[in-house]
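Since the model is a prediction, treat every value here as computed from it, not as a measurement. The sequence lines fix the lettering, A, B, ..., with proteins before strands; numbering per chain opens at 1.
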Amino acid sequence: MSNPAIDAAFADEPAFIPYLAAGDPSYEASLEYVEALARGGADIIELGLPFSEPIAEGSTIQNAIVRSLQGGMTVGRYFEFVTDLDVDVPVVCMTYYNLIYQYGDESGPEPFVRKAKSVGIDGFVVPDLPAEEADPLREACDRHGLDLVFIVAPTTDDERLDRLVSLSSGYLYIQARLGVTGARDDVSNETTSSLDRLADYDIPKAVGFGIKTGEHARDIIAGGADGIIVGSALVDIIAEGTETDSPTEEPAAELESLCQELKAGALEGAQ
Amino acid sequence: MSNPAIDAAFADEPAFIPYLAAGDPSYEASLEYVEALARGGADIIELGLPFSEPIAEGSTIQNAIVRSLQGGMTVGRYFEFVTDLDVDVPVVCMTYYNLIYQYGDESGPEPFVRKAKSVGIDGFVVPDLPAEEADPLREACDRHGLDLVFIVAPTTDDERLDRLVSLSSGYLYIQARLGVTGARDDVSNETTSSLDRLADYDIPKAVGFGIKTGEHARDIIAGGADGIIVGSALVDIIAEGTETDSPTEEPAAELESLCQELKAGALEGAQ
Amino acid sequence: MPETDTTFGDYGGQYVPEALMPAIEELTDAYERYVLANEDGFMDEFRERIHDFGGRPTPLQRADNLSERYDRDIYLKREDLLHGGAHKLNNALGQVLLAKYMGKERIIAETGAGQHGTATAMAAAHLDMPCEIYMGRRDVNRQRPNVFRMRINGAEVNPVDIGRGTLKEAISETMRDWATTVENTHYVIGSIVGPAPFPAMVRDFHRIISEETRRQTREQYGRLPDSVVACAGGGSNTMGIFADFTSDSPFSTAPDSNTDADEDVSLFAVEAGGSSLDVDEERGVAPNSASLSTGSEGVLHGARTKLLQNTDGQIMESHSVSSGLDYAGVGPELAKLVDDDRVTPVNVDDDAALEAFHRFSQEEGIIPALETAHAFAFLETDADLGEFVVVNVSGRGDKDLEAALEETAKRDLPNAPTMEVFDE
Amino acid sequence: MPETDTTFGDYGGQYVPEALMPAIEELTDAYERYVLANEDGFMDEFRERIHDFGGRPTPLQRADNLSERYDRDIYLKREDLLHGGAHKLNNALGQVLLAKYMGKERIIAETGAGQHGTATAMAAAHLDMPCEIYMGRRDVNRQRPNVFRMRINGAEVNPVDIGRGTLKEAISETMRDWATTVENTHYVIGSIVGPAPFPAMVRDFHRIISEETRRQTREQYGRLPDSVVACAGGGSNTMGIFADFTSDSPFSTAPDSNTDADEDVSLFAVEAGGSSLDVDEERGVAPNSASLSTGSEGVLHGARTKLLQNTDGQIMESHSVSSGLDYAGVGPELAKLVDDDRVTPVNVDDDAALEAFHRFSQEEGIIPALETAHAFAFLETDADLGEFVVVNVSGRGDKDLEAALEETAKRDLPNAPTMEVFDE
Ligand SMILES: Cc1ncc(COP(=O)(O)O)c(C=O)c1O
Ligand SMILES: Cc1ncc(COP(=O)(O)O)c(C=O)c1O
């Protein structure tokens with residue numbers, strides 16, 4: 001049982017999945033930036049809800065999270081943000097488990113998922129929630145028809161892989177290399193071997209961690225992936241914008257054009 | 001068996017025994033200062049040979065010792081100093097045992113005592129040499145006819161007293177109070193009780209530690225002492241001279257006049 | 001094969017990235033084999049090394065002057081005498097040795113005040129393992145002597161420039177390193193926190209404190225104590241001395257507990273009350289570190305536990321005059337024991353801790369760590385501690401001299417020593 | 001009644017002002033009764049307190065990495081784990097307790113680097129005695145952390161402004177205080193120096209090191225060591241570990257020494273070679289503290305011993321990178337044992353000591369005092385130490401971090417750690 005909007009994103013061609021932290025560096029600017037992703041060809045948007053202890057993120061996204069929190073982002077504002085967002089692609093909420101767990105009066109993830117559903121969120125990626133701890137959230141997602149995407153790491157063995165595939169809905173997030181998020185200059189060999197291992201599983205596979213250029217995108221899709229996830233390379237544009245005090249339009253335009261490049265690379269890889 | 005010059009100093013009237021560190025602050029000035037003591041009425045002069053670790057001295061005399069050592073005083077220079085000294089009273093060398101022990105090629109105090117004798121020294125006071133360790137020096141002094149003066153402290157009990165009296169020659173140095181050398185504003189009660197204890201011993205008793213004025217001198221002699229020893233009050237005059245850069249004559253004159261006052265006090269006490 | 005406590009009631013668990021899960025499974029397996037089942041004589045070697053290298057057993061000492069002051073028998077469990085100056089070595093040595101048994105080639109750890117970092121650096125040098133320590137930039141500058149010690153023992157020190165530059169950031173950063181290097185690297189966590197099996201494993205390395213305390217109280221006093229008092233940051237010295245007095249300890253059902261029921265031993269966990277128990281939700285700051293007393297359930301650094309958070313679930317900045325207590329979370333097992341009413345959480349504020357620091361130093365001739373001073377401050381309580389009290393002296397205060405004097409100078413403490421000896 | 005060793009061959013004696021002699025007689029009497037004859041159970045109480053408060057026995061630990069380096073079994077006697085961080089407490093606690101038995105009401109002591117001062121302050125606080133410590137002005141400023149420790153433990157610290165403001169001046173000044181206050185005050189001297197009965201008494205309080213070492217070497221290695229290595233300033237840690245291996249020890253004729261002759265145990269006293277063994281007679285400066293190796297017989301601070309002096313007999317300024325070895329004299333008993341060829345005096349220079357400081361820290365995870373580092377530097381020797389060597393780890397290096405790094409920065413040592421972590 002998975003979310004049809006997300007299924008659709010993988011239906012015909014490879015899915016391009018950009019990530020940004022909501023509210024980075026401000027609510028208003030961030031709205032424009034996220035909308036630029038859609039214009040640039042996003043098939044799904046992973047929209048980060050910032051948590052104060054982002055243990056899976058490299059410094060680029062950590063800094064984005066700091067900027068967003070300092071800009072006043074809260075869980076309540078995040079839901080408003082999604083409501084205000086004028087895009088036509090499915091939105092996956094990427095956050096850490098404590099924020100999901102704390103929301104609302106009842107204990108457990110149910111209230112958060114209910115609320116997410118009501119503002120139009122289609123699924124979740126929760127980097128600090130391994131299969132072992134996922135049952136309550138998985139159940140809440142099932143109740144509301146949202147996807148829960150699990151991450152497969154280079155260290156994941158076959159036994160765990162089976163379990164992750166069976167728990168995951170929407171797509172699998174293939175972590176391209178060990179470590180934390182962050183843009184790199186090459187594509188890891190581990191990616192290819194991960195994709196090979198997964199070839200027989202019937203679920204879309206999106207590769208993330210370190211993708212930066214159209215060329216990367218092309219190679220990864222050519223290697224068998226169904227989608228690419230790009231975060232830090234995009235966040236870099238926003239970070240630069242804040243440093244040079246650029247007006248919002250400039251980074252937005254750059255974001256859009258990098259998205260186009262990535263998307264084009266992905267399409268090329270699929271040929 | 002004691003030195004006749006020292007015996008003579010106690011013969012008729014109370015003995016006035018001033019102390020200075022030889023070479024303080026310079027060889028030349030010190031010669032004049034010591035000669036001023038004689039002019040002021042000294043009956044015996046206790047002439048300090050500076051040692052680098054003067055554990056029995058208070059800060060006044062410690063500083064004198066530092067000045068003297070910095071002025072180039074050595075054991076060899078000290079003996080020259082005594083030779084050069086133009087005074088007509090017996091000289092007692094006051095120093096610490098290591099300097100006596102190290103002198104000359106043979107081990108032990110013999111060479112030092114022999115040399116002291118040859119330059120005209122009449123006796124010794126060695127504050128870090130208790131009865132327990134005194135035999136070698138006592139014997140050398142006996143061989144050369146020099147006095148060895150022991151210090152009696154307020155803490156000395158009757159048994160030790162007997163022993164000190166039997167070892168001492170020339171006179172006994174009665175330490176007026178516990179502690180180290182240094183001028184004080186009053187005369188200690190302990191002095192009187194020490195003198196009482198000693199009344200029956202047939203050896204001259206000179207009181208030292210803290211005497212500063214003619215009045216002190218008078219009271220002490222009146223209390224039964226045969227002599228007074230004054231150091232820090234005189235050294236203070238030299239110290240002041242070095243601080244105010246006075247020409248040598250000024251402290252010399254002051255020394256002479258303080259000696260006169262002390263001597264007069266002593267004589268008064270004896271009446 | 002004995003099994004790991006992965007949860008303590010609702011607390012605990014393994015909230016970590018998938019990339020780390022295989023390492024955590026491997027660690028769990030190694031913990032069960034080597035620590036719980038003493039495979040290859042691991043625990044024998046650990047005990048021998050913590051004895052010869054660490055200086056165990058540490059004494060249980062009667063504090064004569066404090067006993068008189070409080071009119072009770074106050075005994076001190078002297079973890080301050082352990083090599084490195086705190087209980088921390090029990091855990092650091094245990095984990096580095098385990099890493100060696102597991103064939104790991106590199107050690108990483110986080111540190112706040114530098115005590116866990118120095119203990120880990122010492123253990124790594126002793127066992128000839130390369131070692132890197134993450135430490136917030138602010139802590140690097142505040143805790144120079146401990147940085148010196150780590151460097152002198154041959155460890156790399158990596159300053160963390162993110163955020164406020166303190167312990168919380170250092171832990172997150174060490175997890176990031178681990179996520180990258182997990183195949184050849186072991187992460188030596190510094191307290192009974194983090195994902196399973198860490199809380200149980202760290203407790204088991206510190207359990208020796210309580211094992212000795214049981215034996216020593218019987219030998220020296222003829223019975224178990226009425227109460228045991230320990231400060232609690234993450235809670236490792238705390239669980240270390242409490243472990244064998246709790247009902248799921250192997251010892252509480254052992255023959256030696258027939259004579260006196262372990263439940264009669266009151267257990268007090270003394271947290272840092274900081275400057276106040278009130279929180280500033282707006283700024284995300286709690287001016288204390290009293291997560292057991294005032295925190296709420298949540299997920300931090302891999303485990304579900306009690307923590308200081310705002311209503312959204314964002315972690316708050318904590319505060320304490322003692323950097324070793326300055327942490328927004330606490331060990332999940334302690335959280336459970338508090339819910340079960342087995343452990344009583346109490347707290348004392350910065351002022352009381354500083355006053356106790358001076359009192360204990362002057363009366364007993366032992367300068368305690370500022371963390372430990374919290375435990376002594378609690379002795380001023382009205383609570384009934386019984387006639388026989390054991391206080392865990394978790395560490396010595398040499399690391400805290402400058403900080404303690406600086407904090408003292410800001411206050412008007414009745415028993416503060418003057419420092420005019422430096423004036424001239 | 002056993003009698004005091006007042007002399008050791010030609011060395012020793014009581015070269016002090018008459019005012020002090022009665023106190024010295026009283027002390028001698030107390031030493032013979034309480035220490036030698038255990039009157040009123042004094043030694044039992046001492047042993048109990050040095051165990052519970054001090055942390056004895058200290059471990060004998062095999063140094064795995066050094067053993068490999070030197071291809072011998074190197075064992076460490078871990079006095080660094082004693083409360084306060086050095087062997088010093090054995091003596092300080094013994095003397096303060098003795099003062100209490102003697103009915104004294106006040107404790108004074110000198111200190112150089114501050115180790116003896118802190119040990120005395122701790123012992124005095126523990127036994128509830130007022131305490132004043134004399135310390136040269138220069139040392140006060142160089143050794144701030146130890147001044148803090150003394151003040152925090154409630155001791156007064158009296159800076160000595162005379163002369164160069166170091167240990168020599170502090171000892172002289174403490175003797176002056178004692179000469180004034182001798183009736184109610186005990187002077188806790190800091191090494192096996194001074195007038196009798198101090199050298200014998202201080203040795204007897206430290207003798208426990210050698211007693212434990214004999215037992216531990218037999219238990220852990222099956223026999224006595226081939227050599228024992230200790231640094232020597234005044235020589236208290238040195239005689240502490242040598243005592244029961246010398247022929248006038250009660251143990252060298254005890255049944256347990258039948259199996260292996262004590263004379264087969266080589267004893268090495270490692271002095272500070274400073275920057276050079278040459279002296280500058282003119283300026284009265286010896287750039288070392290190697291009084292056993294290069295000194296001559298003389299009288300200093302109450303005893304006849306080997307010392308650094310010029311031909312007149314004026315005491316020279318000594319020098320060492322480690323302030324605890326920086327003293328112009330040495331214990332008279334050691335001087336005698338050197339003349340008897342029972343103890344071999346050796347020395348290592350500042351550079352070698354610093355290199356050993358880093359080597360030992362990196363290889364064994366124990367940061368030694370700079371004094372102790374001299375003993376480790378000597379292990380690089382060509383001399384035949386045999387296959388089983390015990391090194392006395394007289395103290396830990398926490399007190400020396402700043403000094404060691406400062407001195408390291410002046411040199412080009414092959415194994416110095418960098419400190420660029422502070423750079424940004
Ligand atoms: C001496 C001491 N005590 C206590 C603590 C607090 O840690 P825990 O609560 O894990 O024992 C620390 C931490 O640095 C410490 O150094
Ligand atoms: C650690 C340590 N070792 C050795 C010494 C030297 O003293 P002794 O030669 O009396 O053992 C000192 C003196 O301060 C010291 O602190």
Rounded distance (nearest 0.5 Å) linking atom [atom1] of [X] with atom [atom2] of [Y]:
| X | Y | atom1 | atom2 | result |
| --- | --- | --- | --- | --- |
| A:Leu99 | C:Asp312 | CG | CG | 7.0 Å |
| C:Glu169 | A:Gln62 | CD | CD | 9.0 Å |
| C:Leu300 | A:Tyr96 | CG | OH | 12.5 Å |
| A:Ile55 | C:His301 | CD1 | NE2 | 7.0 Å |
| C:Ile24 | A:Thr155 | CD1 | OG1 | 11.0 Å |

message: Does either side chain, that of C:Glu18 or that of A:Gln175, offer a donor lying less than 3.5 Å from an acceptor on the other one?
response: no

- request: Check ring pair (Phe, Tyr, Trp, His ring centres under 6.0 Å) between C:Tyr101 and all other residues, then give those that pass, not counting sequence neighbours.
  value: C:Tyr34, C:Phe42

message: Looking at C:Glu281, I'd like to know if its CD atom is crowded, meaning that more than 12 non-hydrogen atoms belonging to other residues, nucleotides or ligands lie closer than 6.0 Å.
response: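 Atom CD in C:Glu281 is crowded, with more than 12 foreign heavy atoms closer than 6.0 Å.
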
task: Check the surroundings of atom NZ in C:Lys100: do more than 12 heavy atoms from other residues, nucleotides or ligands lie under 6.0 Å from it?
output: yes

message: Pair A:Thr156, C:Met21 - check side-chain contact (heavy atoms from CB on, under 4.5 Å), show working.
response: CA-CA 8 Å; A:Thr156 305; C:Met21 279 311 298; over 6 Å; no

Looking at every heavy atom in both [X] and [Y], which two are closest together, and how far apart are they?
| X | Y | answer |
| --- | --- | --- |
| A:Gln102 | C:Thr311 | CB-O, 4.1 Å |
| C:Tyr15 | A:Glu133 | OH-OE1, 3.4 Å |
| C:Gln14 | A:Pro130 | O-CG, 2.9 Å |
| C:Ile315 | A:Ser52 | N-OG, 2.9 Å |
| A:Ala56 | C:Pro17 | CB-CG, 4.1 Å |

Can you confirm whether [X] sits close enough to [Y] that some side-chain heavy atom of one is under 4.5 Å from a side-chain heavy atom of the other?
| X | Y | answer |
| --- | --- | --- |
| C:Arg176 | A:Pro54 | yes |
| C:Thr180 | A:Arg177 | no |
| A:Met73 | C:Gln314 | no |
| C:Asn310 | A:Thr74 | no |

message: Below 4.5 Å, heavy-atom pairs only: which of A:Leu69, A:Leu164, A:Val126 has the largest tally toward chain C?
response: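 Greatest number of close heavy-atom pairs with chain C: A:Leu164.
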
- prompt: Which answer fits C:Ile171, side chain, backbone, both or neither, if we ask what part of it has an atom under 4.5 Å from a heavy atom of chain A?
  reply: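 No part of C:Ile171 comes within 4.5 Å of chain A.
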
query: Side chain, backbone, both or neither: which part of C:Ile162 has an atom under 4.5 Å from a heavy atom of chain A?
result: side chain

query: Any sub-3.5 Å donor-acceptor pair from A:Asn98's side-chain atoms to C:Gly298's backbone N or O?
result: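 Answer holds: no.
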
Could you tell me which portion of [X] (side chain, backbone, both or neither) has an atom closer than 4.5 angstrom to a non-hydrogen atom of chain C?
| X | result |
| --- | --- |
| A:Ile100 | neither |
| A:Tyr103 | neither |
| A:Val66 | neither |

- prompt: Stepwise, does the side-chain contact (heavy atoms from CB on, under 4.5 Å) test hold for A:Glu132 with C:Glu25?
  reply: CA-CA 11 Å; A:Glu132 280 73 3; C:Glu25 286 178 348; 3.8 Å; yes

field: Pairing residues for C:Asp10 by the side chain to side chain contact (heavy atoms under 4.5 Å, CB included) criterion, not counting sequence neighbours
entry: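 Result, side chain to side chain contact (heavy atoms under 4.5 Å, CB included) vs C:Asp10: C:Glu297, C:Arg304.
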
